[in-house]
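Have a look at the structure below before the remarks.
Keep in mind that this is a model prediction, so the values were computed, not measured. Convention: sequence-line order gives letters A, B, ...; per-chain numbering from 1. Values below: all heavy atoms of this structure, side chains included; hydrogens, waters and symmetry mates excluded.
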Amino acid sequence: MSKSLYVQAINRALHEEMDRDPDVLCIGEDIGPMGGLFGATRGLHERFGAERVIDTPISEAGYTGAAIGMAMEGLRPVVEIQFADFVTVAFDQLNTVAAKMHFLLSGLAKVPLVVRLPYGVNLAGEGYMSGHGPHHSQSPEAWFCHMAGMKVVMPSGPADALGLLKAAIRDNSPVMFFEQKGLYETASEALPEGEHVVPIGKAAVVCEGSDVTVIATGATVGLARAVAERLRAEGVSLEVVDPRTLVPLDTEALVASAIKTGRVVITHEAPSTGGFGGEIAARIAEQAFGRLHAPIRRVCGLDMPVPDGKNNALPNEERIEAAVRNVLESG
Amino acid sequence: MSKSLYVQAINRALHEEMDRDPDVLCIGEDIGPMGGLFGATRGLHERFGAERVIDTPISEAGYTGAAIGMAMEGLRPVVEIQFADFVTVAFDQLNTVAAKMHFLLSGLAKVPLVVRLPYGVNLAGEGYMSGHGPHHSQSPEAWFCHMAGMKVVMPSGPADALGLLKAAIRDNSPVMFFEQKGLYETASEALPEGEHVVPIGKAAVVCEGSDVTVIATGATVGLARAVAERLRAEGVSLEVVDPRTLVPLDTEALVASAIKTGRVVITHEAPSTGGFGGEIAARIAEQAFGRLHAPIRRVCGLDMPVPDGKNNALPNEERIEAAVRNVLESG
Amino acid sequence: MSAPRDLDIYRALVGSRIAEQAIVDLNDKGVLHDHHSGLGHEAIGVGVGFAVRPDDAVQASHRSGMMLAHARGGFPLRDAVLSDIANAYLQFAPIPGRPRVIPIVGLIGSWVPMSVGFAMADRLRGKDTVTVSFFGDGGANEGAVHEAMNLAGARRLPMVFVIENNGFGLSMPASEAPGADALVDRAAGYGMPGIVVDGNDALAVHEAAQRAVDHARRGDGPIVLEARVTRWGAHADGVPELRTASELAQARERDCVRILHEDLIRRGVLDEVQTGAFADECRREVEAAVEEGLAARIHLPPTVLTEADAWNLTYAG
Amino acid sequence: MSAPRDLDIYRALVGSRIAEQAIVDLNDKGVLHDHHSGLGHEAIGVGVGFAVRPDDAVQASHRSGMMLAHARGGFPLRDAVLSDIANAYLQFAPIPGRPRVIPIVGLIGSWVPMSVGFAMADRLRGKDTVTVSFFGDGGANEGAVHEAMNLAGARRLPMVFVIENNGFGLSMPASEAPGADALVDRAAGYGMPGIVVDGNDALAVHEAAQRAVDHARRGDGPIVLEARVTRWGAHADGVPELRTASELAQARERDCVRILHEDLIRRGVLDEVQTGAFADECRREVEAAVEEGLAARIHLPPTVLTEADAWNLTYAG
Ligand SMILES: Cc1ncc(C[n+]2csc(CCOP(=O)(O)OP(=O)(O)O)c2C)c(N)n1
Ligand SMILES: Cc1ncc(C[n+]2csc(CCOP(=O)(O)OP(=O)(O)O)c2C)c(N)n1
Ligand SMILES: [Mg+2]
Ligand SMILES: [Mg+2]
């Protein structure tokens, strides 16, 4: 079976869902004839036309709000925010309207909306996305994990991207769908041939292990896997767990792994303070109280805007490995 | 000494700072002749005139952005967002411009901006702020704790409100200043007579104790204090600690108290998932590893929009007391 | 305009006034809270309400919701009053069997983009409906409103943007807020035509609204309708009024009910007997509704919500 | 307009073109990345740059930053080129001793409210300066721009909003984005006058910009200047171009450098010898700067940042 890139998996999910259900549509900037700045919507405009693949003026609040209205009318709009960083412009529409409408109207309205958010940088590349700078590199998922009414999904590879996007489109609640844009052209994987839907709310054990649990999201899953492979040679066994969905979080699976290994490292690209790693750590520390042999360590972005250049401001294999060694040494 | 209300303390801080420094100004909706919807800017317009107490059209992004520009020019604007809920409209200006400008320009620009945010509901009242509903009751501080470049301050009483607002105005970085609006007319305290500046970044031990540490912010400090008083009769000694500043967080003081008592309850008004209580819990669990006798419990808002009516969706004394008893029982 | 139709409009206007006054009185007495009085605004909601079809999608403002709902036939006076006593949101809720309503939210301006989505959905489904969105002079300052109008203009959607210009955004006089004298001047910047109308003249509002709705339904794209009124009282219950007594008296000089009444009397469409009968009828209906509403008023009991309740209330699955 | 001034403008225009082309070439070769080519836009930055004073506050766009900085005398060609090779942000940084610059950010439109704050600060301090803010036709769709212009209109601030209308917001044709034919039509909605100018005609831009700046400085409030050009190439390095070769050729038909050159020759202000000399001079300056820049180009070395470093870089204390 031939392999697909992460961006191709996204593209396939959109094609399949638009084929399956005439209510599914795409809306965003440059997603039509251009096929999206990253190519995720390539071919959709030709196939489904300008009324279902809607290019809009640069006005993130306006078209996100319009998509919310369409969703309330029973359509299933998939919004592309060109860079996740720009979601700040639409923030009010998401918190004030999308997240609360079901509650506000006691269930008289549903908002089956998906917001696709290309986030982060190429963690494996030479330097980060040099020149893209602090306004085109952020990982803002934690804000939406603290916005009751929103589901938050974050696939780390092509197959999950395909299956989770399909699940998100079919979901009746708004879903913030975070696509790690450094993976678009670098992560590849053979995709299941038939219908492939990955349920929202289920973590995946990426590789099993017994000594340390590494909880990773997005591109940090690849880093963790690389560290796991390297340490296997030393006889250290890492279990890498990818929550895949942050809201609702599969706390049970994370706690089970933590209890099994007794040692936990959490890694994500977003800055540490207030990042979702804190929530995960708090839940594990509470629910696995007395069962851990070492303090939980977090390997996250430094608390600063994402700088250009090659540096340690974002997680890398070295930092993850150091944290793993640290939890192995203590206790 | 006569007592001052929380809102009067805010008002005094603004008067004193505008008197002291001609660069300090206020900008927002209805803050001029009306004196602010909650009265925090009363008298300023009469005293300092319309050029320094600026009433603006309803456009939170526009005037917050303008305030950022003024701050970059060396003025010290104090923005009032009428309800903290409305900050979503200005979210982009805060994340994209205010928080990053110092970094972007390698220190060539400073943004000495204060954003005043009346948040939350009257936790002690009959019902919540009935009728104000889910768009006028939120506690959105956690988003800004995850926005590197922002300081986040949250006074729980009049004296701290006075002293911290003065410190915030003198700070050279942008400060999100969260005022618990349920306290405006209910919390009163004698204020120090002379100059009273409370340093940003220092927690306060509200009452000392030895059995359980309750970490509380804003209006939950009052709830925790009431629980502490009630339990004292039973011989249970609570230490109530108010971080006062969330960024930068006085982690040291919180960890010290946690180690002293060995038991921790964290309470805030914002929803639990992704709230700043998770960050605090994660830090304490890490730094006081092996020193706690019970899992850390959080007493927070439920993960939902703030409902009207009298219910347990937000923290109350009963829920805090139950958590305290729970941590006393375990371990 | 036909006399029977004018009489219907008058009846709805009188009913709206009496219902509105009843709600204001309950707020003044402290029985209810936080009402944004629509006294003086009635002709806008009523005039527009009579110009749309039940399947058109209409988004009312925080001030004109009850009038619009009543004029469209969705809310008899009883329901209008009950909706304000028990569940204010009902005016803005899409309730099966009632004329089509687009909800609003507690943030001024933030509700407008939603309406653009309704218009887009209707077009996608090949409907010949029109979408109407109400907001105030204050709301027009918000970026979300700009983006919504711009999007409607770019896609030439069948929409009517109704700007209720009552001269104030809370304490901010409209004259100090937007740089322009007339909000309708915004329309040209989005490639739309615009109409300004005296919002105290119900028949003029209705006629202008009908023109606007027809324009949109015909496929000629979106259009702005700016209706000028004055705010009769404070911004909302509990918010102080800064105007002097004489300014307030001046603000109330032009009264949409009196204007239409005089007109209909002059034209012989209405007489004083009928006038009295209408008023009595409405007053009785409203009084009964108030009584019913207060008796049945749901004092939410202390409630224990579980995490599962929170999830189910917040998520649609 | 005086001949010496016209010649200065021409020289700045030629210099900008040559510098711009050098940067584009380096991007084409993959030596540099992500440049938003300003080829075809030069007359706007140069025309406006010559109309402002050093103490006026000017906010350039992502496309016209280098031209403006050069025309204002802040950046000799060497610095202009170096700023693009080493630290693109320098064009937008307030550097002591150079004409006053308002920075921009990576989000289109989000930078505009900042400029309103500069104008407010200057007025508060009693300065007679003017604040100029640049953005594109695409940026004009953003709510933040609306709120900024509205605020400037409401407070009658001494501001010039320069809309660089190059017909595209990335892949979105301006004709499909805003409903209106002319962006300048927005001005009336904020109570401002507006001027449209051929952005390929440097002297016309300069003359219009001078009128706009004078208007603002005189205390007559804000004003819009819409300059129409075409985008010569793809949106930015690395972004595909969707136009056909013949559409592209058409887009390049009107060339601001050629237009001014022909005009000055016709008027006898310039001859071919001088033309060649200018070009040679600029080319040499640019080539030397490229060489210098590439040699000195800072490859950020692997860096270990501590939490304290992060704090100090991010917070001003
Ligand atoms: C985003 C936002 N900002 C501010 C407010 C507070 N507020 C409520 S109504 C109002 C005035 C609205 O004025 P306008 O749109 O003219 O409507 P009117 O009340 O005059 O009918 C304000 C400022 C709000 N609800 N939302
Ligand atoms: C808020 C935001 N949305 C989208 C983008 C992506 N983007 C960068 S430039 C651009 C086009 C801008 O068009 P315009 O304002 O006309 O300027 P031009 O590039 O044509 O000079 C877009 C969509 C962005 N940087 N910021
Ligand atoms: Mg108004
Ligand atoms: Mg453009």
With under 30° as parallel and over 60° as perpendicular, where do the rings of A:F91 and A:W143 fit, or are they tilted in between? perpendicular

Salt bridge or not for C:R78 and C:E292, using N-O below 4.0 Å? yes

Where on A:A148 is there a heavy atom nearer than 4.5 Å to chain C: the side chain, the backbone, both, or neither? both

Which portion of A:D171 sits near chain C, non-hydrogen atoms under 4.5 angstrom: both

I would like to know whether A:H15 and A:R42 meet side-chain hydrogen bond (donor to acceptor under 3.5 Å, both in side chains); could you show each step before the answer? CA-CA 9 Å; A:H15 268 100; A:R42 235 170 248 157; over 6 Å; no

Pick from A:V111, A:L105, A:D23, A:T56 with the largest number of heavy-atom pairs that fall under 4.5 Å of chain C: A:L105

Shorter than 4.5 Å, heavy atoms on both sides: which option in A:S59, A:S106, A:P22, A:P174 has the most such pairs with chain C? A:S59

Pair C:F135-C:S61, side-chain contact (heavy atoms from CB on, under 4.5 Å): steps then yes or no: CA-CA 6 Å; C:F135 50 89; C:S61 71; 5.9 Å; no

I'd like to verify something: which residue of C:V145, C:L107, C:N312, C:D122 has the highest number of heavy-atom pairs under 4.5 Å with chain A? C:L107

For the candidates C:M120, C:R125, C:R155, C:H146, which exhibits the highest count of non-hydrogen atom pairs separated by less than 4.5 Å from chain A? C:R125

So C:E164 and C:S64, side-chain hydrogen bond (donor to acceptor under 3.5 Å, both in side chains) or not? Walk me through it. CA-CA 9 Å; C:E164 295 180 273; C:S64 287; 2.3 Å; yes

Full working for side-chain contact (heavy atoms from CB on, under 4.5 Å) between C:R186 and C:I163: CA-CA 11 Å; C:R186 297 274 168 88; C:I163 309 183; 5.8 Å; no

Under a 4.5 Å cutoff for heavy-atom pairs, which residue among C:S115, C:S110, C:G106, C:A93 has the most contacts with chain A? C:S110

Is the closest side-chain heavy-atom distance between C:N150 and A:P57 below 4.5 Å? yes

Please flag which part of A:I58 lies under 4.5 Å from any non-hydrogen atom of chain C: side chain, backbone, both or neither. neither

Are C:E147 and C:P113 side-chain neighbours, meaning at least one heavy-atom pair lies under 4.5 Å? no

Heavy-atom pairs under 4.5 Å with chain A - which of C:P94, C:A310, C:A148 has more of them than the others? C:P94

Part of A:N95 lying under 4.5 Å from any heavy atom of chain C: neither

If you tally heavy-atom pairs under 4.5 Å between each of A:M101, A:H102, A:R52 and chain C, the highest tally belongs to A:H102

Measure A:P248 against the heavy atoms of chain C and call it side chain, backbone, both or neither at under 4.5 Å. both

Measure A:Q93 against the heavy atoms of chain C and call it side chain, backbone, both or neither at under 4.5 Å. side chain

Between A:D19 and A:R47, does any NZ, NE, NH1 or NH2 come within less than 4.0 Å of an OD or OE carboxylate oxygen? yes

From the list C:V116, C:L151, C:I95, C:I102, the residue making the most non-hydrogen contacts under 4.5 Å with chain A is C:L151

So which of A:K110, A:E60, A:E51 has the biggest tally of heavy-atom pairs under 4.5 Å with chain C? A:E51

Note: vs chain C, highest number of non-hydrogen pairs under 4.5 angstrom among A:I54, A:T64, A:I68, A:I27 is A:I54

So A:F144 and A:F178, would you call those rings parallel, tilted or perpendicular, with 30° and 60° as cut-offs? tilted

Given that the side chain runs from C-beta out, which part of A:K100 has a heavy atom under 4.5 Å from chain C: side chain, backbone, both or neither? neither

Part of A:L25 within contact of chain C (heavy atom distance under 4.5 Å): side chain

Under 30°, 30 to 60°, or over 60°: which ring-plane class applies to A:F83 and A:F38, parallel, tilted or perpendicular? perpendicular

